[in-house]
Amino acid sequence: RVSHAFHSPLMEPMLAEFRQVAEGLSYAPPRIPVVSNVTGLVADAEALCSAEYWVRHVRETVRFADGVRSLADAGVTTYLELGPDGVLSGMGQECVSDVVFASVLRDGRDEVPSLQEALAEICVRGRQVDWSALLAPARPRRVELPTYAFQRERFWLEPVRTGMAPAMPQAADRRRYQASWAPVSDVVGAALTGPWLVAVPAGLAGDEWVAGCVAALAGRGALPVVVELGQGDADRAVMADRLRRALDEAEVSDTTGVVSLLALAEGRHGEYGAVPLGLVLTSSLLQGIEDAGVGGRVWCATRGAVAVGGAESPLSVEQAAVWGLGRVAGLEVPERWGGLLDLPEVWDARVGDRLVGV
């Protein structure tokens, strides 16, 4: 149901009369190439000069998406809409990506500011605009941008001694985020289902703490598939292949979720000596699970990496780095991210209950 009959069978009763009018007009070939929305391709200049083309144009389907893609295939990266509003720009953005659409006219807005805004949008996206030609009547004066940062305020976090409460925030400090912790009730009777991939550092599968984590998953309904990962697996492609083989060996086609204990890996990355190995392995795991077709969300567990109370100190700075990575992962891949869990250094049944509950 449409408000107008254009480009539909409803135009057929007037096509004969329309043809008579079109045949009485004179035509000239275009000076620049025209993409026809009758075909979605660059139009033949001779066809554009015929009455028959315009009869087809008023009756047949508008192949707008095909036309925009033809322009993109020809290398067009900037689209300037000369219509009465931004309707085509909005539709064009659904046809192609990584290009600039700007509309020179907006309904209910003055023409000059609308035109200037469209040109400014093109300019800030890296396209060239002849501002001298546009602004010549106003005789503007060009000035250099200042190199000095306008506000003399410090935004670096000041060090706080362990066990000391932080000072009250000053005016400039109130702009930064602060984390706080609050206890929540235990989840009672939690249970898991299906296969769960458990990624552990190489050589730690037999560790008492790691074994306790795996046993907690298995004791509450999960089928743990343990895979040991080391220095040589700290690469996206290698990680994906390693995960696929682990699932194949366990005869598992898909997983319900992923628990990563890779933060426990000791040492630094071989090539980048300043980067903790656990951080690199965790990053590669987040990339590799997608390529390997591993299902479910990823939960990263650390051991004593976060200080909850004011008098506490993290036991492992290397593991704390995974918490920074986790926050980024939660923003960039929210559909695959489960969360971060900092567990006590000593494992017991209550820790297992809380792990499964979360």
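Remark: side-chain polar atoms of Gln319 are paired, donor with acceptor, to backbone N or O of Arg303 under 3.5 angstrom. With Thr302 contributing its side chain and Ala263 its backbone, the two residues share no donor-acceptor pair below 3.5 Å. In this structure a side-chain-to-backbone donor-acceptor pair under 3.5 Å is missing from Glu318 to Pro276. No donor-acceptor pair closer than 3.5 Å links the side chain of Thr78 to the backbone N or O of Val100. At distances below 3.5 Å, not a single donor-acceptor pair connects side-chain atoms of Glu81 with backbone N or O atoms of Phe101. Side chain of Trp196 to backbone of Val226: no donor-acceptor contact under 3.5 angstrom is found. Judged by distance alone, with hydrogens and angles left aside, the side-chain atoms of Arg59 form no donor-acceptor pair with the main-chain N or O of Val55 at under 3.5 Å. The main-chain N or O of Val258 is never found under 3.5 Å from a side-chain atom of Arg297 such that the two would form a donor-acceptor pair. Distance alone, capped at 3.5 Å, is enough to place a donor-acceptor pair between the Asp44 side chain and the Glu46 backbone. The main-chain N or O of Ala133 is found under 3.5 Å from a side-chain atom of Asp130 such that the two form a donor-acceptor pair.
Glu23 is not listed as a side-chain neighbour of Glu52, based on a closest heavy-atom distance of 4.5 Å or more. Taking 4.5 Å as the limit, some side-chain heavy atom of Pro30 sits within range of a side-chain heavy atom of Leu48. Taking 4.5 Å as the limit, some side-chain heavy atom of Trp323 sits within range of a side-chain heavy atom of Asp342. Side-chain atoms of Leu261 and Leu204, non-hydrogen and from C-beta on, never get closer than 4.5 Å to each other. Residues Arg69 and Val96 have side chains in contact (heavy-atom distance under 4.5 Å, counting atoms from C-beta outward). Counting heavy atoms from C-beta on, the side chains of Cys300 and Leu341 never come closer than 4.5 Å.
Leu88 CG to Leu80 CG: the interatomic distance, rounded to the nearest 0.5 Å, is 11.5 Å. Here the CG-CG distance, from Leu325 to Leu285, works out to 10.0 Å after rounding to the nearest 0.5 Å. The line from CG of Leu229 to CE of Met239 is 4.5 Å long, rounded to the nearest 0.5 Å. Atoms CZ and OG1, on Arg56 and Thr61 in that order, are 11.0 Å from each other to the nearest 0.5 Å. For the atom pair Arg242 CZ and Glu228 CD, the distance stands at 8.0 Å (nearest 0.5 Å). Between the CZ atom of Arg125 and the SG atom of Cys123 there is a distance of 12.0 Å, given to the nearest 0.5 Å.
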Next on the checklist: Leu197 vs Val227, test: side chain to side chain contact (heavy atoms under 4.5 Å, CB included). Steps then yes/no.
Outcome noted: CA-CA 7 Å; Leu197 181 71; Val227 54; 3.7 Å; yes
Next on the checklist: Assess the residue pair Ile289 and Leu243 against the criterion (side chain to side chain contact (heavy atoms under 4.5 Å, CB included)); give the C-alpha distance rounded to whole Å, side-chain angles, the decisive distance to 0.1 Å, and a yes or no.
Outcome noted: CA-CA 7 Å; Ile289 59 170; Leu243 297 179; 3.8 Å; yes
Next on the checklist: The test is side chain to side chain contact (heavy atoms under 4.5 Å, CB included); show your working for Tyr53 and Tyr27 and say whether it passes.
Outcome noted: CA-CA 12 Å; Tyr53 171 83; Tyr27 301 89; over 6 Å; no
Item to check | Stepwise side chain to side chain contact (heavy atoms under 4.5 Å, CB included) test for Asp233 and Ser284 | outcome: CA-CA 8 Å; Asp233 301 307; Ser284 298; over 6 Å; no
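Put simply, Leu262 and Val358 are part of two different groups of oily side chains (I, L, V, M, F, W, Y) that touch within less than 4.5 Å, one to the next. Hydrophobic clustering keeps Val356 apart from Val346 (ILVMFWY residues linked when any side-chain heavy atoms are closer than 4.5 Å, directly or through intermediates). When the side chains of ILVMFWY residues are joined at heavy-atom separations under 4.5 Å, either directly or via intervening members, Val280 and Val238 end up in two distinct hydrophobic clusters. A single hydrophobic cluster is seen to contain both Val62 and Val87, as judged by linkage of ILVMFWY side chains at heavy-atom distances under 4.5 Å, directly or through other members. Leu264 and Leu343 end up in the same hydrophobic cluster when Ile, Leu, Val, Met, Phe, Trp and Tyr side chains are linked at under 4.5 Å.
Using a 4.0 Å cut-off between a side-chain N of Lys or Arg and a carboxylate O of Asp or Glu, Asp241 and Arg245 qualify as a salt bridge. One finds no salt bridge joining Arg106 and Glu117 here, because no Lys/Arg side-chain nitrogen approaches an Asp/Glu carboxylate oxygen to under 4.0 Å. Taking 4.0 Å as the cut-off between side-chain N and carboxylate O, Asp353 and Arg220 count as a salt-bridged pair.
The minimum heavy-atom distance linking Thr255 with Leu247 is given by the pair CG2-CD2, 3.8 Å. Here the closest heavy-atom approach between residue Ala320 and residue Ala305 is recorded as CB-O, 3.5 Å. Counting all heavy atoms, side chain and backbone alike, Trp337 lies closest to Ala329 at CE3-CB, 3.9 Å. In terms of heavy-atom proximity, Leu105 sits nearest to Glu111 at CD2-CG, 3.9 Å. A pairwise comparison of heavy atoms in Ser114 and Arg109 identifies OG-CB, 3.7 Å as the closest pair. Asp254 approaches Gly293 most closely through the heavy-atom pair OD1-O, 3.9 Å.
Within 6.0 Å of CD on Glu266 lie no more than 12 heavy atoms contributed by other residues, nucleotides or ligands. Shown here is Arg63, whose CZ atom has no more than 12 heavy atoms of other residues, nucleotides or ligands within 6.0 Å. The number of heavy atoms from other shown groups lying within 6.0 Å of CZ (Phe6) does not exceed 12.
Shown here are the ring-ring contact (aromatic ring centres under 6.0 Å, His included) partners of Trp347, two or more places apart in sequence or in another chain: Trp209.
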